[in-house]
Amino acid sequence: MGNSILDDVFDSFVNGAKLFKDREVLRHDYLPEKLPHREDQIRLLGSTVAPVLKNARCSNIFIYGKTGTGKTAVAKYVLSHLESKAKEYGAQVRFCYVNCRMTGSEYRVFAALSQSVGLSIPFTGLSVGEVFDRFRTGLDQSRIIFIIVLDEVDALIKDRGDAFMYELTRINETLRQSKVSIIGISNDLRLKEFLDPRVFSSLSEEELVFRPYDAGELRNILLERSKLAFQDGVLSESALSISSALAAAEHGDARRALDLLRVAGEVAERAGAKAVTEEHVRQAEKHIEHNRVIEALKNLTLHSKLVLLSVYHLNKSSASTGEIYEVYNELCGEMGAGLLTQRRLSTLVNELDTMGLVNARVVSMGRYGRTKKIRLEISRGLIKDVFGDDNRFSELLKYEPKCLHKE
DNA sequence: CGTCCACAGGAATGACGGGCGG
DNA sequence: CCGCCCGTCATTCCTGTGGACG
């Protein structure tokens with residue numbers, strides 16, 4: 001019977017210690033019934049939106065806080081409760097949650113808003129202004145109080161500007177039968193610097209700041225969730241503490257803490273352990289980072305890969321833009337790809353930097369110009385692994401650029 | 001103390017694939 | 001099918017600049 005290597009895997013999965021009760025609870029999009037240490041914010045947001053229950057428009061609100069401080073969770077929590085209350089009181093309230101970064105463009109944001117007032121909008125083809133007009137008329141006809149939640153709105157403003165925000169904040173002036181309130185959520189506390197003062201003041205009739213969690217608070221959050229997520233007594237005290245401590249060090253990111261704990265649980269389960277230990281959390285940390293990088297590498301475009309390979313080939317503590325361009329130039333020739341300008345390469349390098357694959361900072365070398373110093377941020381072994389598996393790149397991995405050999 | 005290197009990085013513009021309404 | 005508009009990627013042209021060298 002025991003004829004396959006899988007038997008072990010399956011058997012230990014079924015018979016081995018079951019650690020999880022419900023691992024979904026540890027996903028960061030899970031909305032718990034209690035949000036520890038956010039009672040104040042919940043009350044404040046709640047009292048701000050409460051007027052809609054009497055069919056009055058509520059103030060616009062701006063919410064600040066770094067990632068994993070519970071902004072999204074609190075907003076969704078309050079609004080879902082508001083929604084059921086509104087049914088109870090028969091208030092004509094509807095809300096629409098849009099994550100601006102995921103949604104991508106102002107066009108798609110307006111499309112999403114339109115959809116939630118019952119319009120269907122083609123995912124491309126119309127002008128932004130047209131979509132906005134349709135949204136406005138559609139909204140007005142629905143005769144409702146409409147609450148718009150724009151999550152991660154900073155992402156959109158930074159690369160599209162705030163013109164669309166201006167339109168949105170002024171929309172009430174042209175509505176007869178509906179009213180709009182806006183809840184903006186930003187990860188960047190300096191967002192006001194990017195905003196037209198008129199937009200900013202109208203947007204932040206109320207402001208709400210989310211402080212990062214400290215290690216103790218994170219510990220409480222994890223404790224609450226782990227009661228639902230794990231079997232009793234499976235999670236060690238030390239695993240709990242180290243998860244909170246690691247996440248607290250990373251600007252108090254609860255999302256991070258939950259990820260660590262979930263992956264640690266998976267690691268422990270796979271190892272057939274009876275409990276989740278500190279060591280499992282440490283492995284989870286590596287595991288998460290490893291996956292993140294591999295995923296990022298795979299999704300790079302052709303030229304970004306070539307640029308990264310160029311940095312790899314230079315193989316020194318820091319290379320300049322010019323050096324990289326030389327190697328990149330050769331690599332392009334080697335694989336017969338058309339080459340991009342140095343200007344373009346420069347922005348590709350910046351992208352690699354924000355992804356954390358590479359470290360780039362501008363330095364001046366005085367008489368010898370001004371350039372970016374670029375260093376690989378990930379292990380060379382990882383690059384070998386990922387690119388070695390790809391036929392198109394395995395050759396380039398071994399290729400020795402000529403420009404590196406002239407004295 | 002000015003020069004001048006080797007780029008940085010903004011702005012404007014264009015090519016391209018995709019999708020619309022008419 | 002056309003004319004129009006979209007977002008994305010890329011090019012071209014450009015002005016700006018920290019600081020070692022002379």
Side-chain angles (χ1 to χ4, degrees), chain A residues 98-115 118-138 150 152-165 167-168 190 193-196 296-311 314 316-333 335-355 357-375 392 403-404 406:
Chain A
V98 186
N99 183 309
C100 298
R101 193 176 48 82
M102 310 278 274
T103 306
S105 68
E106 24 187 330
Y107 181 95
R108 292 204 281 258
V109 169
F110 287 140
L113 294 177
S114 305
Q115 260 164 43
L119 300 170
S120 97
I121 298 288
F123 61 84
T124 179
L126 304 180
S127 77
V128 176
E130 170 67 16
V131 179
F132 184 73
D133 284 344
R134 290 195 196 183
F135 164 62
R136 182 168 48 206
T137 50
L150 298 174
E152 302 192 56
V153 68
D154 48 323
L156 198 52
I157 286 168
K158 273 180 200 162
D159 60 65
R160 312 289 166 137
D162 57 2
F164 78 102
M165 291 299 290
E167 296 292 319
L168 263 185
R190 303 166 301 121
E193 293 167 22
F194 299 91
L195 278 177
D196 184 320
L297 285 180
K298 282 188 190 159
N299 291 329
L300 291 178
T301 59
L302 171 69
H303 286 283
S304 291
K305 285 177 181 168
L306 290 172
V307 172
L308 196 63
L309 268 179
S310 306
V311 183
L314 278 156
K316 48 169 151 175
S317 56
S318 73
S320 71
T321 305
E323 290 172 313
I324 291 174
Y325 192 64
E326 276 187 60
V327 179
Y328 161 80
N329 204 329
E330 270 190 57
L331 293 185
C332 281
M335 84 157 13
L339 78 163
L340 307 176
T341 15
Q342 184 166 319
R343 175 70 187 85
R344 180 66 186 142
L345 179 135
S346 172
T347 78
L348 290 183
V349 166
N350 285 343
E351 284 170 23
L352 293 175
D353 177 281
T354 54
M355 281 186 269
L357 301 178
V358 119
N359 179 293
R361 71 205 159 85
V362 296
V363 295
S364 172
M365 291 138 48
R367 183 69 257 273
Y368 303 106
R370 198 164 170 271
T371 182
K372 270 201 283 272
K373 285 293 182 190
I374 297 125
R375 165 167 49 85
R392 294 201 300 161
C403 60
L404 297 184
K406 49 190 181 190

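Note that the coordinates shown come from a computational prediction; the quantities given were computed from them, not determined experimentally. Letters A, B, ... mirror the listed sequences (proteins, then strands); counts begin at 1.
Remark: P of dC13(C) and CD of Q342(A) are 16 Å apart, rounded to the nearest angstrom. The CG-C1' distance, from L340(A) to dT12(C), rounds to 14 Å in whole Å. Atom C1' of nucleotide dC5(C) and atom CZ of F110(A) are separated by 16 Å, given to the nearest angstrom. Distance M365(A) CE to dT3(B) P: 22 Å, rounded to the nearest Å. One interatomic measurement links the two molecules: CD1 of I324(A) to P of dC7(B), which rounds to 10 Å at whole-angstrom precision. One interatomic measurement links the two molecules: CZ of R343(A) to P of dC13(C), which rounds to 14 Å at whole-angstrom precision. In this structure, the CZ atom of R367(A) is 17 Å from the P atom of dG18(C), given to the nearest Å. One interatomic measurement links the two molecules: CZ of R370(A) to C1' of dT15(C), which rounds to 12 Å at whole-angstrom precision.
Nearest heavy atoms, Y325(A) versus L340(A): OH-O, 2.8 Å. Residues V358(A) and V349(A) approach most closely at CG1-O, 4.1 Å, considering heavy atoms. Between C332(A) and G338(A) the shortest heavy-atom distance is SG-O, 4.2 Å. Across H303(A) and Y328(A), no two heavy atoms sit closer than the pair ND1-OH, 2.8 Å.
Each of G366(A) and S346(A) was assigned the nucleotide of DNA chain B with the nearest heavy atom; the assignment lying further toward the 5' end belongs to G366(A).
Close to dC7(B), at under 4.0 Å from its OP1 or OP2, lies no side-chain N or O of T321(A). Taking only side-chain nitrogens and oxygens, T341(A) comes nearer than 4.0 Å to OP1 or OP2 of dT11(C). For dC7(B), the OP1/OP2 oxygens have a side-chain nitrogen or oxygen of S320(A) closer than 4.0 Å. In terms of phosphate contacts, K373(A) brings no side-chain nitrogen or oxygen within less than 4.0 Å of OP1 or OP2 of dC7(B).
Shown are T321(A), D353(A), N350(A); of these, the side-chain hydrogen bond (donor to acceptor under 3.5 Å, both in side chains) with K372(A) is made only by N350(A).
No contact: L348(A) has no heavy atom under 4.0 Å from any strand. Within 4.0 Å of T301(A), counting heavy atoms only, lies no atom of the nucleic acid at all.
Across dT11(C), dC21(C), dG9(B), the shortest atom-to-atom separation from the side chain of R344(A) is found for dT11(C).
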